[in-house]
Amino acid sequence: MKKDIYTLINEIDHYADSYEPIPIRESEINKWKQNLSKTTAARNKRHSWKRYAVAAAAFVLLFSATSAPVRQSVYAQSQNVFYSLAELLNIKKDISPYHSVIGSSFTKDGVTTTLNDVIWDDDVLLISYTMKIGKNSDFSIEKDNFVQLVDMYVNGKLLSDGSGGTSEQIDDTTILCTEEIYIPDAVSLSGTQKMELEFSLADTDGRIASRLGRLDFSVSGDELKAATSTVDLDETYTLPNGETVTFNRYTSNAINQKLYFSTTNDNCDYDILLKGKDDLGNPVEFYTSNLDAVAKVGKMVVDTSDHGYISDQASSLTLTPYVISSTNTNGETSDNYKPMGKAFTISLH
């Protein structure tokens with residue numbers, strides 16, 4: 001039986017210095033870029049960060065197809081090529097200090113779960129993982145009879161507070177999953193933390209069908225936090241129902257740009273967009289990625305699907321808030337949102 005790619009990778013001698021580098025031709029890199037750009041262009045524009053994990057896994061699949069000696073030599077250089085995928089996804093900065101490649105696996109109930117990589121970015125943990133469904137498992141990709149779930153623990157305490165993600169079938173038995181786990185309580189933590197991810201499968205009615213198990217790893221968010229710039233804001237607007245929303249803070253780092261807001265509206269009645277330009281004339285758009293109706297706070301992230309990340313050369317952003325009733329967002333485009341008021345400007349330097 002043909003071994004799966006993750007088993008092959010685990011069998012490779014990981015002492016990269018013992019391998020003689022094989023130059024990668026520019027034509028090969030250009031071909032990878034073209035293939036990956038086609039993959040990322042098809043992703044949901046509301047989850048632009050997830051394209052990073054998809055492209056990373058795509059690279060693993062690419063080099064797995066080569067012969068064994070070449071695969072080992074490419075592995076010796078894979079860290080550099082892996083990080084260069086940031087360029088393919090319009091992340092222009094070096095993200096290697098903030099990225100942790102895990103590669104740990106376990107098998108239960110005929111399902112092999114492999115945690116590929118993680119990034120701890122302040123109040124979220126970004127992860128990509130695969131689930132390979134065995135032939136004798138009660139779960140089946142073809143029957144579509146399960147939903148994958150992930151919870152995050154630190155020091156035995158459950159910290160995950162909601163998540164969003166996507167899954168994509170990459171062969172007859174394997175799905176690639178990407179997840180953004182919301183961990184607001186982790187913002188106060190510093191230093192390297194031992195975290196655990198618990199993977200489960202639920203049936204289509206939402207009942208837990210199998211608690212597959214946990215994977216632990218150590219990760220620090222300090223470097224990324226230190227490299228994050230913050231601009232305090234105080235911009236208040238009135239929603240159509242008379243409630244208000246206040247944009248409090250803008251943050252920027254190599255992984256993402258975000259805007260945080262608070263609101264007096266606790267019913268999640270509206271979806272908000274921020275649209276505008278930087279001082280260089282480049283279009284910029286933020287969409288709501290998290291909203292805690294109980295705490296009445298939310299977060300918006302920059303939409304990279306059409307315009308990429310905000311340029312390092314930009315000195316300011318001028319943004320106008322737009323709103324639509326949350327009951328009308330299905331099938332609507334940003335052109336259907338109505339402005340809430342005048343634009344405001346964020347000074348970046």
S.K.: Please report the interatomic distance CG(Leu149) to CD1(Ile208), rounded to the nearest 0.5 Å.
M.R.: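 Between Leu149 CG and Ile208 CD1, I get 5.0 Å after rounding to 0.5 Å.
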
S.K.: Going by the ring-ring contact (aromatic ring centres under 6.0 Å, His included) test, which pairs reach into residues 178-212, not counting sequence neighbours?
M.R.: Tyr129-Phe199

S.K.: Once rounded to the nearest 0.5 Å, what's the spacing between atom NZ of Lys299 and atom CG of Asn290?
M.R.: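 If we round to the nearest 0.5 Å, Lys299:NZ and Asn290:CG are 4.5 Å apart.
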
S.K.: According to a hydrophobic-cluster definition based on side-chain heavy atoms being under 4.5 Å apart (Ile, Leu, Val, Met, Phe, Trp, Tyr only), do Val297 and Tyr250 belong together?
M.R.: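 They do not share one cluster, since no chain of ILVMFWY contacts under 4.5 Å joins Val297 to Tyr250.
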
S.K.: Is there side-chain contact between Leu274 and Phe247, with at least one heavy-atom pair below 4.5 Å?
M.R.: yes

S.K.: Could you label the plane-to-plane angle of the Tyr237 and Phe344 rings as parallel, tilted or perpendicular, counting under 30° as parallel and over 60° as perpendicular?
M.R.: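 Because their plane-to-plane angle lies in the 30° to 60° range, the rings of Tyr237 and Phe344 count as tilted.
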
S.K.: I'd like to know if the side chain of Asp109 pairs up with that of Ser210 as donor and acceptor (distance under 3.5 Å, no hydrogens or angles considered).
M.R.: yes

S.K.: Would you call Lys275-Glu285 a salt bridge at under 4.0 Å N-O?
M.R.: no

S.K.: Are the side chain of Gln193 and the backbone N or O of Met195 linked by a donor-acceptor pair below 3.5 Å?
M.R.: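 Not confirmed, Gln193 side chain does not pair with Met195 backbone.
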
S.K.: Between the side chains of Lys258 and Asp123, is the shortest nitrogen-to-carboxylate-oxygen separation below 4.0 Å, so that they form an ion pair?
M.R.: yes

S.K.: Without hydrogens or angle criteria, can the side chains of Asn253 and Asp121 be said to hold a donor-acceptor pair below 3.5 Å?
M.R.: yes

S.K.: Could you tell me whether the side chains of Ser105 and Thr112 share a donor-acceptor contact shorter than 3.5 Å?
M.R.: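 No.
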
S.K.: Measure from the side-chain N and O atoms of Ser311 to the backbone N and O of Gln313, and report whether any donor-acceptor pair falls under 3.5 Å.
M.R.: yes

S.K.: Could you report the tightest heavy-atom contact between Lys277 and Pro283, atom names first, then the distance?
M.R.: CG-CA, 4.2 Å

S.K.: Assess the side chains of Thr263 and Lys296: does a donor N or O sit below 3.5 Å from an acceptor N or O?
M.R.: no

S.K.: Find the distance between CZ (Phe217) and CD1 (Ile102) and round it off to the nearest 0.5 Å.
M.R.: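 Phe217 CZ to Ile102 CD1: 6.0 Å, rounded to 0.5 Å.
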
S.K.: Are any side-chain N or O atoms of Asn145 and backbone N or O atoms of Ser140, one a donor and one an acceptor, separated by less than 3.5 Å?
M.R.: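 At least one qualifying donor-acceptor pair exists.
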
S.K.: Would you say Val118 and Val154 are hydrophobically clustered, going by side-chain heavy atoms of ILVMFWY under 4.5 Å?
M.R.: yes

S.K.: Please tell me if the side chains of Arg249 and Thr230 come closer than 4.5 Å, counting only heavy atoms from C-beta onward.
M.R.: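 Sidechains of Thr230 and Arg249: in contact.
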
S.K.: Using modelled atom types and a 3.5 Å cut-off, is there a donor and acceptor pairing between side-chain atoms of Thr264 and backbone atoms of Thr244?
M.R.: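 Flag set: sc Thr264 to bb Thr244 pair under 3.5 Å.
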
S.K.: A side-chain contact here means heavy atoms from C-beta on lying under 4.5 Å apart; do Leu197 and Leu115 qualify?
M.R.: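 A side-chain contact under 4.5 Å exists here.
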
S.K.: Can you name the closest pair of heavy atoms from Leu317 and Val284 and give their distance?
M.R.: CD2-CG2, 4.2 Å

